Amino acid sequence: MTDRLLARRGNLTRWMGLALVGFVVVMAAVSFVWQPYGIEAIDPTNTNTGPSVDHWLGTDPLGRDIFTQILVGSRTTLFVGVVAVGIASLIGVPVGMLAGSSGRWVNETVMRAMDIVFAFPAVLLAIILAAGFGGSTLTAMIAIGIATVPVFARITRAATLQVMTSDYVLVARSYGRRGVPLMVRYVLPNIASVIIVQASVAFAIAILAEAALSYLGLGTQPPTPTWGRSLQEAQTYLFINPLLPVWPGVAIALSVLGFNLLGDGLRDALDPTLRER
Amino acid sequence: MVVALLEVKDLTVRFGDDEAVRGVSFSLDSGVRTGLIGESGCGKSLTALAILGLAPTTATVTGSVRFEGEELIGRPERELCRLRGNRLTVVFQEPMSALNPLMKVGRQIAEVLEVHDKAGRGEARRRAIDLIEMVRLPDPSRTAHKYPHQLSGGQRQRIVLAMALAGDPALLIADEPTTALDVTVQADILLLLDDLVRDLDTSLLLISHDLSLVASLCEELLVMYGGTIVERGRVSEVFARPLHPYTAGLHSASSLEHSDGTDDLRTIEGSVPPIGQFPGGCVFRNRCEYADEVCLGVPPLRVPPGEPHEVACHHPVSHD
Amino acid sequence: MGRPMTALFRGVGITRRFRLPRRSLLEPVESLTALDNVSIEIPTGAKFGVVGESGSGKSTLARILLALDQPTEGEVYFDGRIISGASPGELGDLRRDVQVVLQDPRSSLNPRMRVFEIIAEPLRSLGVAGDERGRVLELLDAVGLSTASMDRYPHQFSGGQRQRIAIARALAPHPRAIIADEPVSALDVSVRAQILNLLQDLVRDFGLTLVMVSHDLSVIRYLCDYTAVMYNGEIVESGPSERVHENPTQDYTRRLLAAIPTMDGSLLERVRAVEGDDREGEHDET
Amino acid sequence: MRPYLRWGALSVTLYLLRRLGIFLLSLVVASILAFVLLSLLPGDQAQTMLGVNADPEALAQLREELGTNRPILTQYTDWIGGVIRGDFGLSRSDASIGSEIVRRLQVTLPLVISGMTLATIIAVPLGTLAAMYNRRLPGTVLSVASQVGIAIPAFWMGIMLVTWIAVRWGLLPAGNFPTAGWAETASAVRSLILPVTVLGLAQGAVLMRYVRSAVLEVLNADFVRTARAKGMTLGQAMRRHGLRNAAIPVVTVLGLQLATLLIGAVVIEQVFSLPGLGRLLLDGVGNRDIPQVQGIVLVITGLVLFINFVVDVLYRAIDPRLRASA
């Protein structure tokens, strides 16, 4: 029946998403244990070579092994993603729950505050922080994290409002449940699936943002490799090695696609009512 | 022999391999009011949608539906559109979402006339105001300029009724038209429906879960359960001598007002199984007290000896 | 019941106004009066019905009796103690003594809790001591559900079964009164009869005071011995169910009675008879 | 109920006043935030200008000149006073920040607006098709395409286009907007073709998903079924009733994308070396020109808030249900 059909499609996207995400996570894990070449191992004798037996993806203008750069680069991507989404959810979710369960004024002020934070997109925040502290992984994480807070606040508020006005919360209040126990036993479990789906999608956006910031030189600084900066370096050598920008781009695209598909798949599985989006 | 207004033969609606409507057959004569009774999940609304050609795209509809002698199943969409809203119209259950929130109600009524080239824009607007008056709404010209959210549930259902009757239809299908309304508002709407259907000489197919509603408005009755018609006949006959155990159970469960609350109501055991999980043979077998191995075979809809109307049951309830 | 027939619930001059969003700068903010000076007295052990259409204020009254909403004016007493305007601490045993059953079984059970927890929640929230597991099993049996249903989630049950779970939950802390807001209107006719039988037996067996709010006069008549008719925020008529049904004194009650479809198909004649008296035309509220 | 208040001038102005009030308040708070954030950052401006081991008197003298030794509040009020009069003060290279911002906007605004226009032209038809053929092959294919489109970083797409189209085949310039600006309109337009395409494709992929879900919601709406029951084909029902209802959520998303793109486009400006506002901001950060950074940040947050305000008012104007209630 159509539900089974949809569940299968939901499964498909979820498995593809999980596979891609798994691949990136494995890359990051492996990079701690094994790297074909040192990230700073320069081999001036063969620079800008194409993919070969000992350099699977070839070498860059300084003779460094591209595969190693990509492999270790995955660490930064995941690290920034986890911390940024962590910041956004740890601030955004409680704020959203507060707005969704309190009176009109609290609700209104929180939403206006979110509008103001929204006026400072990640890139802008990163630029401001970089003006003071210079570009770094920390700048990228904080900028992306804070810029994503309004997203989590808004969806949590909407989900909390829906739960707070539900019959089962009315009944719970009738037998004395209120305050924190009400939030923990009734609100949180029922909004968890929406937040998980959002976290997965936010992770994808965070990867894109981190890559852009590194490309602009505001993110992770050398020598730590990151896909964004590899693209920036590749741009200056387009004439000699047109293949250079392909690999980091593919790595970014696959991991972003992975988290987005995981988000869609989770949405189908966790909360059937959200299925059609 | 005059051609029946609507002739449905072996109508089946399937989603994948689950049958929601299984081989429904009945016919309606012109000028007759028929009630289609059944609880949620019995396939009554889906039957109406299939007749109108508005079943969801994921459904496969088979069988035959002949309206005024012409076959509708498989007919090209263009031709069906000439019929829908003109000779064959429908009122759905939920007035709150049936109207386009961004368009004035007068305009939405006038549209019916324009789509069927029965009037130009100006003429259609004037007739829309007359139609608003016909459905007894206050200050028709001003109401025509209102948006749906400015009207109550009852008022919106009258607008939907005006749209359904604009093209002077031969058959009006009303799918639970008053379920979402208050009881006094429902009474006014039913009064209006009764008057208009008589004045415009329109046949009515009233779909409902409320036996007393059908008793108040219809002459013929079809009882549906598990996607099939289990009993069929004149309302008075079926109420007097319900032959199918399900109809009998439904009849007694609905007659709250006769019992004084001391003894328990006669109930039907268990609950309606989800689609696709009805038992083979007689669909009511798993909830019926008379069920035996004979019921493993699908009971045909026929008139048992000595009885006035049809029933699909191997062991019809005896009343003597 | 040893106690004298004191009123379990007493409401004096209850008014509840809701502030509507401000429409324009010049005119003062409008307000919607949901309850207008309502006084009500529900004796202990009574089966009290409140009938009214949407917008009549019946659900607002139910919430005020549950102290889940505060009246703008007037006082509400439960067993002699004032509960309107009371802080959670001053409610005494109200939260244990009065439980609620709501209309839509699909939304009145927490979808993320197993049936065992749903039924045990009132006991845990109110800190009722005793064998929780034993009590839940006893309740499941009382409402006609298998012990196996204890470990399942609400979405695995039909509408009727879910309403049985909601009733079991309401009985968990041995309440003195049940407030039921449209307990059967979301159910199919055949399942409705099962739940009405269940409610009737449980109210009798546990000696409960029942306050039933509904738009369906025939359901009220079947279960309740008192009936109060509400219209536009006021109680227009109140008294023993038989009397209110057989010879109503108020026009609105007559129109409400006339509007109920009956199996004998006499609806249209009765409505035309009543409509004939007061040709009021379209009256319904937005 | 009293007869419904006609959508009178009174009730609309009240609503507009309220939204305007919120917009201005947010603008003030955003400006304070921008100013304070940048002033409090370490690396006092005079220090960076004169280098680490500058002698103290010169430092004190420069701070006096720059006014960075005054209390923060007066610095802010003077700055905002100037901004309101259109005077953003002077950048480190003594150029008027205001006029520089205006010149840079003449690149960023056309880039962003035409990018979003292209995105809409792509997303609306494809999103509608994806909804119409939902659960069938074309629908799935379009959904996958939009997922892939979202996953490809815009600036990577930019670099790849530059590598192949601009460098290898030399069909189109790799950006570099003419120094004379729009005076040489032909070469200015040519230089924007590739960047606008990249922006349009990237934002179009995102917008397509919102169009699809908006159209899907309308397809399943009761009033579309009513329209078909009145005798309209699905196409007519969608044209006359569906699309306007679907437009409401899409307009909101369009506004949000436009707002974030103002600064988001800095990446494209970097790839195609376009003299946009974003790159000016990056340069400002590069040489610690705090006044210039403050000015640009204010302009960007101001524009974002303004777009949100316009979208909110537009949202209410389309939907009569919201028109009257404040």
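These values consider heavy atoms only, across backbone and side chains, with no hydrogens, waters or symmetry-generated copies. First the proteins, then the strands, lettered A, B, ... as listed; each starts at 1. Computed from a predicted model, the values in this text were never measured in an experiment.
Atom CZ of C:Arg243 sits in a crowded spot, with more than 12 heavy atoms from other residues, nucleotides or ligands closer than 6.0 Å.
In this structure a side-chain-to-backbone donor-acceptor pair under 3.5 Å is present from C:Gln194 to B:Ile268.
In this structure, chain B has a heavy atom under 4.5 Å from the side chain of C:Ser158, while its backbone stays farther away. Interface residue B:Glu39: backbone and side-chain heavy atoms are both found under 4.5 Å from chain C. For a residue to count as touching a neighbouring chain, one of its non-hydrogen atoms must lie under 4.5 Å from one of that chain's; by this rule B:Arg156 does not touch chain C.
B:Leu217 is listed as a side-chain neighbour of C:Leu268, based on a closest heavy-atom distance under 4.5 Å. Between B:Asp195 and C:Arg272 there is a side-chain heavy-atom pair separated by less than 4.5 Å.
The candidate from C:Leu267, C:Val191, C:Asp188 with the greatest count of non-hydrogen atom pairs under 4.5 Å with chain B is C:Asp188.
When every heavy atom of B:Ala187 is checked against every heavy atom of C:Val271, the shortest pair comes out as CB-CG2, 3.8 Å. Closest approach of C:Thr262 to B:Ala215, counting heavy atoms only: O-CB, 4.2 Å. Here the shortest heavy-atom pairing between C:Pro261 and B:Gln186 reads CG-NE2, 3.6 Å.
Atoms OG and CG, on B:Ser40 and C:Leu187 in that order, are 9.5 Å from each other to the nearest 0.5 Å. If you take CG on B:Asp182 and NE2 on C:His215, they are separated by 7.5 Å, rounding to the nearest 0.5 Å. One finds the CD atom of C:Gln161 at 5.0 Å from the OG atom of B:Ser271 (value rounded to the nearest 0.5 Å).
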Report task. Test C:Glu53 against B:Thr184 for side-chain hydrogen bond (donor to acceptor under 3.5 Å, both in side chains), laying out the working first. Result -> CA-CA 8 Å; C:Glu53 297 180 294; B:Thr184 47; 2.2 Å; yes
